[in-house]
Every structure is written in C-alpha cells, then in structure tokens.
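Down below is the structure, laid out as structure tokens.
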Amino acid sequence: MKTILCISIVTIILLTTLSAFAENNNFTEYDFIGNFIITDPVCSYNHYHGEIILSDNGTGKSKEYINDKEFESFYRDIADKDGYIPLKWSFDEHRKELIIDWTMNGKYEKLAYFKSTVTGDTNNFTINGFSSDNTLCKLNFTRIKGDFTKALPVINLKSQDFAGLFEIKKPEGGNYSGDVILMNDGTGKVREYLDNKPVNPDHPEAIDKDGYSPVKWSYNEETMELTFDWTCGGTYKGLACFNGKVTGNADHFTLSGVWVNGYTGELNFTKIIHDK
C-alpha cells in the first residue's frame, strides 16, 4: 500500500473551549467489522482515498485511488478480479490497539502496516501507522452502509453536498453536541449544547425564536477545506471562525484541527435525513 500523507496544523476555534480528545476505551473487535472509506485526516495528497472491507475472520481487502484513478500495488499479482488487495487485521482488547497489516505477516514487506490505539467512534475513527515508504502517518475510517458506489468520499464532494441538517459532536462522545443547518447560499445556523443545556451566546440579539445562531460557511473543492464563521463576516465580534480539512463522505464526515486551548481534536458531522 502506498500512502503519501502530508502533515499540517489547522486551527479550529470553537464558540466554547472544549477539552482534549481522549481515546474510546469501549471498542471490541466486532466494532471494526464492515465496509469503510479511508482517507487521511489532515490533508489528502493527490486526492488519496480508498475502500477497505474488514471481515469477521481477521481478513480483509482494500483498494486505493489517487486523483480518482485506481492505484496499482507493488505486488500486482495479489489483487483480485475487482482490484482489491488482501490484508490481515485484529484488535487487541487489552491494549486497545487495532492492527491493519497489508504485509500479511511480512510476506509483502513493501506494503503498509498500522498498529495503534483508536481515536473516534465505531462509525468514524483514526489510527496511526507506517506507509509503504516507512513514513509515520494516519488514516481515517468512515463506515458506509451497503455498496461503495453509493458512498461519496470527500474528494468527490461539491459545495452543495454539504447543504442540509447535521448533528455535531466529538468523536468519542462527551458533553458537547449541537445541530447545524447549512443552506446552499453559504448561510446557516447552529445550536450548541453542553451537558444537554444550550450554550449561552455572546450575542443574544442574533438568536432566532428556535434558539439558533447565524453562521456563514464555505467549502473549497480543491483544498477540501470547510470553513464556518460565527462572526458572519465580522458582524458578531468575538465569536468563532474556524476551518479545516474534511474526511469521510457526504453523510458522515470529520473536521480535524486544533482547539482554542491548543489541543488537537476533531468534530463529527452526521447528516440527519428525514423520512419522506
């Protein structure tokens, strides 16, 4: 597996100061079985992403893309008819470490090997490891339901794909949550909660009858950066404005960065789809 990842620091300043992210210590091996879109959490060099399937017998397979073109493995003969290469995986519930092994116990030594504790939840999590060129890097896993053809990874998203109603929360849970409505015209509104209680706004005059604060937003399709601006272009002084690289897909994505207190962290966005 050849994964080229870049490292950058993106600053996220939230309306409230949140604590550093902790690892979820409640995972079991069963939680990692399924189909996932894989991307790099901070940036996507050459628009890298992949598909990975983890089976319940410790085996799996994956397929990678760069610039939407299927990437050819160092070992072409190991790919199946659909272009997937094999892997082995396991989860140590005592050490809380997930292992994704493309080397197949060293048989294919030029491929990648990931072994680390997991940050996130069962639908969207991040692990650390070494790419095929022995570079220390990260991978973000976003669970999908059903066929990969129905999941739009972030690299294929357009600005209009972010329009809608979302729930926001920290990946490992905790006392912070909220709901965000994003409009096609770059405007939106947000409600935030701590311990299930509404956050007291610095500009109460901006709150509508339903308790939402206004926000402006934009998405750069080239850099895959999502920007939220609670100041609405400076109208409401002292509020937050933050941006960052996005990983995941249209229905469940993650914004990575650094909290106002200096700790790195993430926010999960889950689209709320109402039944018609």
Side-chain angles (χ1 to χ4, degrees), residues 1 3 5 18-42 48-64 84-105 111-131 136-154 166-177 246-256 264-273:
M1 174 184 179
T3 304
L5 302 176
L18 303 177
S19 60
F21 274 52
E23 291 151 359
N24 186 332
N25 293 319
N26 298 318
F27 288 119
T28 66
E29 186 169 282
Y30 178 82
D31 293 324
F32 299 101
I33 297 172
N35 298 352
F36 300 87
I37 293 287
I38 53 175
T39 50
D40 51 291
V42 179
Y48 166 84
H49 78 286
E51 304 167 0
I52 188 168
I53 301 171
L54 302 181
S55 302
D56 60 2
N57 57 2
T59 63
K61 58 183 181 179
S62 70
K63 182 162 52 175
E64 298 171 285
Y84 288 91
I85 62 172
L87 61 89
K88 289 188 176 182
W89 74 279
S90 61
F91 181 68
D92 187 326
E93 294 187 18
H94 176 69
R95 295 179 179 272
K96 304 300 180 184
E97 290 181 333
L98 179 64
I99 297 174
I100 307 289
D101 181 14
W102 280 272
T103 75
M104 301 289 285
N105 292 333
L111 301 186
Y113 181 88
F114 280 69
K115 178 182 179 180
S116 83
T117 51
V118 181
T119 301
D121 59 30
T122 57
N123 290 317
N124 197 311
F125 58 87
T126 300
I127 61 172
N128 302 309
F130 289 91
S131 63
L136 181 63
C137 51
K138 295 183 179 182
L139 279 181
N140 179 273
F141 290 66
T142 301
R143 185 183 301 274
I144 68 167
K145 295 181 179 179
D147 197 297
F148 283 108
T149 60
K150 298 178 181 179
L152 283 176
V154 164
F166 295 88
E167 177 190 19
I168 56 174
K169 64 177 182 178
K170 297 189 295 182
E172 81 284 2
N175 62 351
Y176 174 80
S177 64
V246 183
T247 61
N249 59 48
D251 294 331
H252 193 110
F253 62 88
T254 297
L255 184 62
S256 302
T264 58
E266 297 174 325
L267 271 181
N268 280 355
F269 288 70
T270 301
K271 182 169 285 189
I272 301 174
I273 302 174

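Every heavy atom of this structure was used, including side-chain atoms; hydrogens, water molecules and symmetry mates were not. A quick note: this is a predicted structure, and the numbers were derived from the prediction, not measured.
Ile100 contributes atom CD1, which lies 8.5 Å from atom CZ of Phe36 (distance to the nearest 0.5 angstrom). The distance from atom NZ of Lys115 to atom CG of Asp101, rounded to the nearest 0.5 Å, is 10.5 Å. With rounding to the nearest 0.5 angstrom, the CG atom of Asn123 is 14.0 Å from the CZ atom of Phe141. Atoms CG and OH, on Asn105 and Tyr113 in that order, are 8.5 Å from each other to the nearest 0.5 Å. Rounded to the nearest 0.5 Å, atoms CG (Asn35) and CD1 (Ile53) are 4.5 Å apart.
With a 4.5 Å cut-off on side-chain heavy atoms, Leu98 and Trp89 count as touching. At a threshold of 4.5 Å between non-hydrogen side-chain atoms, the residues Leu139 and Ile52 do not count as touching. With contacts defined as side-chain heavy-atom distances shorter than 4.5 Å, the pair Asn140/Asn124 qualifies. Using a 4.5 Å heavy-atom cutoff, the side chains of Asp121 and Asp31 are not in contact.
Side-chain polar atoms of Thr270 and Asn268 form no donor-acceptor pair below 3.5 angstrom.
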Please assess Phe91 against Lys96 for the test side-chain contact (heavy atoms from CB on, under 4.5 Å), listing each intermediate value before the final yes or no. CA-CA 7 Å; Phe91 181 68; Lys96 304 300 180 184; 4.3 Å; yes
Item to complete: Report the C-alpha distance between Tyr30 and Asp56 in whole Å, list the side-chain angles of each, state the deciding distance to 0.1 Å, and finish with yes or no for side-chain contact (heavy atoms from CB on, under 4.5 Å).
Response: CA-CA 7 Å; Tyr30 178 82; Asp56 60 2; over 6 Å; no
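With hydrogens and angles disregarded, a donor-acceptor distance shorter than 3.5 Å links the side chain of Arg143 to the backbone of Ile33. Within the 3.5 Å criterion, the main-chain N or O of Glu93 finds no donor-acceptor partner in the side chain of Glu29.
Phe32 and Phe27 have tilted rings, their planes meeting at an angle from 30° to 60° on a 0 to 90° scale.
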